[in-house]
Amino acid sequence: MYLTQLQTDGDFLSLSRQHEWHLAASQFTLKNGTKVAILDTGVIQFEPLVETNKDIIISSAIHGNETAPIEICDELIKAILLEELELTQRVMFIFGNPASINIGDRFVEENLNRLFSGAHTQAPANNERLRAAKLEQYVADFYNAVQEGRRRYHYDLHTAIRGSKNEKFAVYPFLHGKPWKNEQLSFLLACGVNTVLMMKSAATTFSYYSSHQFGADAFTVELGQVKPFGHNDMSRFMQCKQSLTALISQKEVQYPEFNLLDFELFEVHRAINRTEEKFSFSFGEDVENFTGFTKGALLATDGKTEYFAEVEGEAVIFPNANVALGQRAVLTVIPLSQFENLV
Ligand SMILES: O=C(O)CCC(=O)N[C@@H](CCC(=O)O)C(=O)O
Ligand SMILES: [Zn+2]
């Protein structure tokens, strides 16, 4: 059994990487009374003795090559297990895809972040599809284990393949008409994220699952650019780590008064999917996220279909010509025009 080693070094990341797709469940209690439950590889849950009012999920390694968020969570988990950090809230950490961490790639067979909200059932099982089903269940059990009416959060931490004109940005899952929350934007700002994309449609991403299925305040948070372990300048992630630390170890957290002028808010204009083997962009690999295009400029070619910028300044997000057929090759955004749904 792995507990003795884990209680000694707090290294849940290495333990998860040594058990790529499954780890026997176990539990123990820290000296400070915090209950620790290892639910599976990459899934560890903490419940402190004190009365709590928040249920917080912090996930990383949904894509295994996005190492900075993994390092943040590794450090937080170690601090909790070694009792250097005491919690005041229920917290579940998830390393989404340990096998993809071990190959230093986005995924093994299939993009885990396109398999949630039941999408994992739409094709024959593989390890990522089985994993998505398990992660859905762990999230459901975590939120449903306590009484209704508590505050639910899920921050799914990523880094982007390309550089970004806005280094850090968040994806606000489509809320089906429910209002966006100033308070959540203020938390993101405390993490160093002042740029937010407001999505306009349902998705099969992890953050959309927690948002839509459980009403969690959930975001995909892009903290920087993909780099191998050991190549991240962790000083650039300090604000995020400190804000997450405050959220999980303080009863309440105060943020500076909300000022819309502190933010760059975008709405998704459209998603362009790759449907043909022959798919290319009109621009190079060095073109960064949030690069805007002149109306009428060619953006992408999908087989015989050409896509042109429809709006002056339409900007690209997550351009990736190598996505699987049928998947999103790029999002385009324009500045948010309506703010009444922000409360
Ligand atoms: O840089 C890229 O091309 C992708 C970075 C990344 O993994 N982003 C997430 C965004 C998820 C969302 O839209 O909420 C993803 O593509 O899964
Ligand atoms: Zn990612």
Side-chain angles (χ1 to χ4, degrees), residues 57-73 94-97 100-101 104-108 110-117 119-120 128 131-132 135 154-175 180 184 188 193 195-213 216-228 232 237 266-274 279 281 283 285-291 300 315-324 326-333:
I57 296 175
I58 302 170
S59 51
S60 63
I62 289 293
H63 297 124
N65 59 341
E66 300 173 8
T67 59
I70 299 169
E71 294 195 48
I72 293 170
C73 293
I94 296 174
F95 293 122
N97 193 339
S100 68
I101 298 175
D105 210 338
R106 190 164 168 76
F107 52 80
V108 179
E110 214 174 345
N111 185 347
L112 180 58
N113 213 22
R114 300 294 181 274
L115 297 176
F116 293 99
S117 298
H120 52 80
E128 266 112 355
R131 180 72 169 167
L135 294 183
H154 180 182
Y155 301 107
D156 183 29
L157 309 180
H158 290 244
T159 46
I161 295 168
R162 292 181 182 232
S164 298
K165 291 185 181 303
N166 301 46
E167 180 191 345
K168 294 178 169 46
F169 59 100
V171 175
Y172 212 138
F174 181 50
L175 296 181
W180 303 305
Q184 286 300 296
L188 291 170
V193 178
T195 301
V196 186
L197 318 185
M198 309 335 234
M199 301 301 274
K200 290 197 304 190
S201 56
T204 52
T205 58
F206 203 14
S207 60
Y208 177 83
Y209 171 73
S210 297
S211 169
H212 185 56
Q213 205 66 37
D217 288 326
F219 299 83
T220 301
V221 189
E222 301 288 350
L223 289 170
Q225 190 168 9
V226 164
K227 292 207 185 316
N232 295 301
F237 305 94
F266 293 87
E267 61 188 67
V268 170
H269 179 65
R270 56 179 160 167
I272 297 173
N273 289 351
R274 176 188 182 193
F279 183 99
F281 291 113
F283 49 86
E285 298 281 317
D286 59 334
V287 168
E288 295 188 322
N289 290 315
F290 295 96
T291 299
V316 293
I317 306 286
F318 303 144
N320 182 350
N322 303 316
V323 295
Q327 290 203 352
R328 179 179 84 194
V330 64
L331 275 180
T332 72
V333 295

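Atoms considered below: every heavy atom in the structure, side chains included; atoms not considered: hydrogens, waters and symmetry mates. One-based numbering, in listed order, for ligands and for the atoms of each.
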Test ring pair (Phe, Tyr, Trp, His ring centres under 6.0 Å) applied to His154 - qualifying residues, sequence neighbours left out: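 Per chain and number, His154 pairs via ring pair (Phe, Tyr, Trp, His ring centres under 6.0 Å) with Phe206.
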
Sequence-distant partners of Phe95, ring pair (Phe, Tyr, Trp, His ring centres under 6.0 Å), two or more places apart: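 Once residues adjacent in sequence are excluded, Phe95 has no partner under the ring pair (Phe, Tyr, Trp, His ring centres under 6.0 Å) criterion.
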
Ring centers of Phe290, Phe266 separated by less than 6.0 Å: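 For Phe290 and Phe266, the ring centres are under 6.0 Å apart.
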
Aromatic ring proximity Phe281/Phe279, centre distance under 6.0 Å: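 Yes.
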
Within less than 2.8 Å of the Zn ion (ligand 2): protein N, O or S atom count: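 Count of protein N, O, S atoms less than 2.8 Å from the Zn ion (ligand 2): 4.
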
Option of least heavy-atom distance to atom 4 (C) of ligand 1 (set: Met199, Glu66, Arg328, Arg106):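 That would be Arg106.
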
The one among Glu222, His63, His158 that brings a heavy atom closest to atom 5 (C) of ligand 1: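 Going through Glu222, His63, His158 one by one, Glu222 has the nearest heavy atom to atom 5 (C) of ligand 1.
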
Region of Val171 that comes within reach of ligand 1 [heavy atoms, distance under 4.0 Å]: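 For Val171, the contact with ligand 1 is made by the side chain alone.
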
Taking distance alone, with no angle check, do [X] and ligand 1 share an N/O pair under 3.5 Å?
X      : answer
Arg162 : no
Asn113 : yes
Asn289 : no
Arg114 : yes

Atoms in ligand 1 flagged as close to Ala160, the criterion being non-hydrogen separation under 4.0 Å: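 With Ala160 as reference, the close atoms of ligand 1 come out as 1 (O).
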
Those atoms of ligand 1 less than 4.0 Å from some heavy atom in Thr205: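 This gives 11 (C), 12 (C), 14 (O) as the contact atoms.
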
Starting from [atom], what is the nearest protein heavy atom, named by residue and atom, and what distance separates them?
atom                    : result
atom 1 (O) of ligand 1  : Ile161 N, 2.8 Å
atom 14 (O) of ligand 1 : Thr220 OG1, 2.7 Å
atom 2 (C) of ligand 1  : Phe318 CD2, 3.4 Å

Just wondering, do [Y] and [X] contact through their side chains at under 4.5 Å, heavy atoms?
X      : Y      : result
His63  : Asn111 : yes
Leu157 : Cys73  : yes
Glu288 : Arg162 : no

Worked verdict on Phe318 versus Val171 for side-chain contact (heavy atoms from CB on, under 4.5 Å): CA-CA 11 Å; Phe318 303 144; Val171 175; 4.3 Å; yes

Minimum heavy-atom distance Gly64-Ile70, with the two atoms named: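 The answer is O-CD1, 3.9 Å.
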
Donor-acceptor contact present, side-chain Arg131 to main-chain Asn97, <3.5 Å: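 Checking the backbone N and O of Asn97 against the side chain of Arg131, no donor-acceptor pair under 3.5 Å is found.
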
Donor-acceptor contact below 3.5 Å, side chain Arg274 vs main chain Val323: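 Judged by distance alone, yes, a pair lies under 3.5 Å.
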
For residues 196-205, dump all side-chain donor-acceptor pairs below 3.5 Å to protein atoms at least two apart in sequence or in another chain.
| unit_1 | atom_1 | unit_2 | atom_2 | d |
| --- | --- | --- | --- | --- |
| Lys200 | NZ | Val268 | O | 3.1 |
| Thr204 | OG1 | Arg114 | O | 3.2 |
| Thr205 | OG1 | Tyr208 | N | 3.3 |

